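No experiment lies behind these values; they were computed from the predicted model shown.
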Amino acid sequence: MSEAADWWATAVSRIEPDVVELRGRPIQDLIGRIGLAEMIWLMLRGDLPDPRQAALLEAALVSSVDHGPHAPSIAAARMAITCGLGLNNAVATGVNLLGDVHGGAGEQCVELLEEVARDGDAAAVVARWRARDKYLPGFGHRFHSHDPRRDPLLGLVAEAVAAGVVEGEHLRAALAVEELIAPVPMNIDGATAVVYAELGFAAPLARGLFVLSRSVGILAHAWEEAGQGRRNKGPMPPSILPTWL
């Protein structure tokens with residue numbers, strides 16, 4: 001029995017008859033007393049953030065919720081619904097499209113900012129990254145010449161730096177990179193990468209947190225599509241035929 005119990009040993013949760021504890025805290029002490037951002041922090045980090053940390057995390061999560069049906073993850077979820085799949089399958093379909101190109105730039109940008117912070121020479125780091133790929137994760141946007149989500153998030157980070165909540169080294173790194181490659185703008189992946197890095201989340205969790213955030217938009221779009229009654233919705237309207245090669 002002990003071997004079986006040790007097989008699934010975990011510090012995340014303890015579930016026994018009449019007992020539900022998350023990171024050692026009874027669920028009844030958490031319900032109605034902490035918000036979702038605080039719960040995410042608790043589950044990932046093992047402790048509770050202070051209110052200023054929680055507010056900064058929540059701002060980043062709110063900022064990434066949706067970017068319209070032209071985003072591949074959301075388009076796929078909407079198409080999945082019209083194929084007769086349930087909401088859970090549609091959300092999973094959308095989430096499964098969040099890869100290195102669409103959804104992974106936040107993780108990559110944290111790595112970039114960490115390298116700039118360690119190296120101290122943003123120009124040298126940018127040159128090394130651009131030698132591998134002309135695209136810098138977290139910078140540039142195919143729709144926005146100035147991402148409307150950038151300024152509010154970076155403003156909150158700057159306030160947190162001034163209040164001593166975070167140190168600001170990743171914010172300074174991001175601004176240094178942005179200045180080097182101007183007029184290419186910082187995008188939402190870059191701005192949220194600053195937040196997650198400043199709060200001490202590991203780079204892979206930047207992708208995980210983006211997935212949590214974008215899942216809300218995916219669910220909303222899937223639910224809207226479910227109410228429209230369309231069947232077998234493809235990526236293009238039926239009036240548009242693909243070019244024959």
Side-chain angles (χ1 to χ4, degrees), residues 1-66 73 77 85-100 102-111 113-114 137-138 153 156-157 160 165-167 170 188-189 191-220 222-223:
M1 290 294 293
S2 63
E3 184 179 3
D6 291 345
W7 185 258
W8 291 112
T10 176
V12 174
S13 57
R14 184 166 77 95
I15 312 298
E16 299 177 1
D18 302 324
V19 173
V20 176
E21 291 182 359
L22 304 177
R23 294 292 189 180
R25 298 172 186 263
I27 190 65
Q28 59 267 31
D29 294 344
L30 300 172
I31 296 172
R33 297 181 183 179
I34 69 170
L36 181 58
E38 293 167 297
M39 178 61 85
I40 292 170
W41 185 297
L42 174 65
M43 294 296 281
L44 294 177
R45 306 277 285 268
D47 58 4
L48 284 170
D50 73 35
R52 297 171 300 180
Q53 292 171 318
L56 194 53
L57 173 59
E58 183 165 303
L61 292 170
V62 167
S63 70
S64 302
V65 160
D66 187 20
S73 54
L85 301 184
L87 280 174
N88 59 315
N89 304 104
V91 172
T93 297
V95 166
N96 280 333
L97 263 69
L98 297 174
D100 288 343
H102 171 46
E107 175 182 358
Q108 298 156 9
C109 189
V110 170
E111 295 170 349
L113 300 182
E114 288 176 342
L153 283 179
L156 290 172
V157 176
V165 179
V166 297
E167 294 184 0
H170 297 93
I188 185 60
D189 296 308
T192 54
V194 170
V195 173
Y196 297 143
E198 289 288 351
L199 290 174
F201 286 96
L205 285 178
R207 186 186 304 222
L209 291 166
F210 177 82
V211 169
L212 288 179
S213 175
R214 185 52 60 88
S215 294
V216 178
I218 292 172
L219 175 61
W223 179 241

- Message: Checking the side chain of Ser213 only, and the main-chain atoms of Val65 only, is there a donor and an acceptor separated by less than 3.5 Å?
- Response: yes
- Query: Going by heavy atoms in the side chains, are Leu209 and Leu44 under 4.5 Å from each other?
  - Reply: yes
- Query: Which atom names give the shortest non-hydrogen contact between Leu156 and Leu56, and what distance separates them?
  - Reply: CB-CD1, 3.8 Å
- Message: Looking at Val95, is its backbone amide N or carbonyl O close enough to the side chain of Arg214 to form a donor-acceptor pair, meaning the two atoms are under 3.5 Å apart?
- Response: no
Can I get a per-line list of side-chain donor-acceptor pairs under 3.5 Å for residues 1-11, giving both atom names and the distance, sequence neighbours left out?
unit_1: Thr10; atom_1: OG1; unit_2: Val12; atom_2: N; d: 2.9

- Compare all side-chain heavy atoms of Ile27 with those of Leu22 and state whether any distance is below 4.5 angstrom. yes
- Message: Restricting to non-hydrogen atoms, name the atom on Thr192 and the atom on Ser63 that form the minimum distance, rounded to 0.1 Å.
- Response: CG2-OG, 3.5 Å
- Do you know the tightest heavy-atom contact between Cys109 and Asp189? CB-O, 4.4 Å
- Task: Measure across Arg207 and Gly99 and return the closest heavy-atom pair with its distance rounded to 0.1 Å.
- Result: NH1-C, 3.5 Å
- Here the pair of heavy atoms bringing Asp100 nearest to Gln108 is O-NE2, 3.2 Å
- So with a 6.0 Å cut-off around CD of Glu58, is the heavy-atom count from everything else above 12? no
- Message: Going by side chain to side chain contact (heavy atoms under 4.5 Å, CB included), Tyr196 matches just one of Leu205, Leu113, Leu57. Which one?
- Response: Leu57
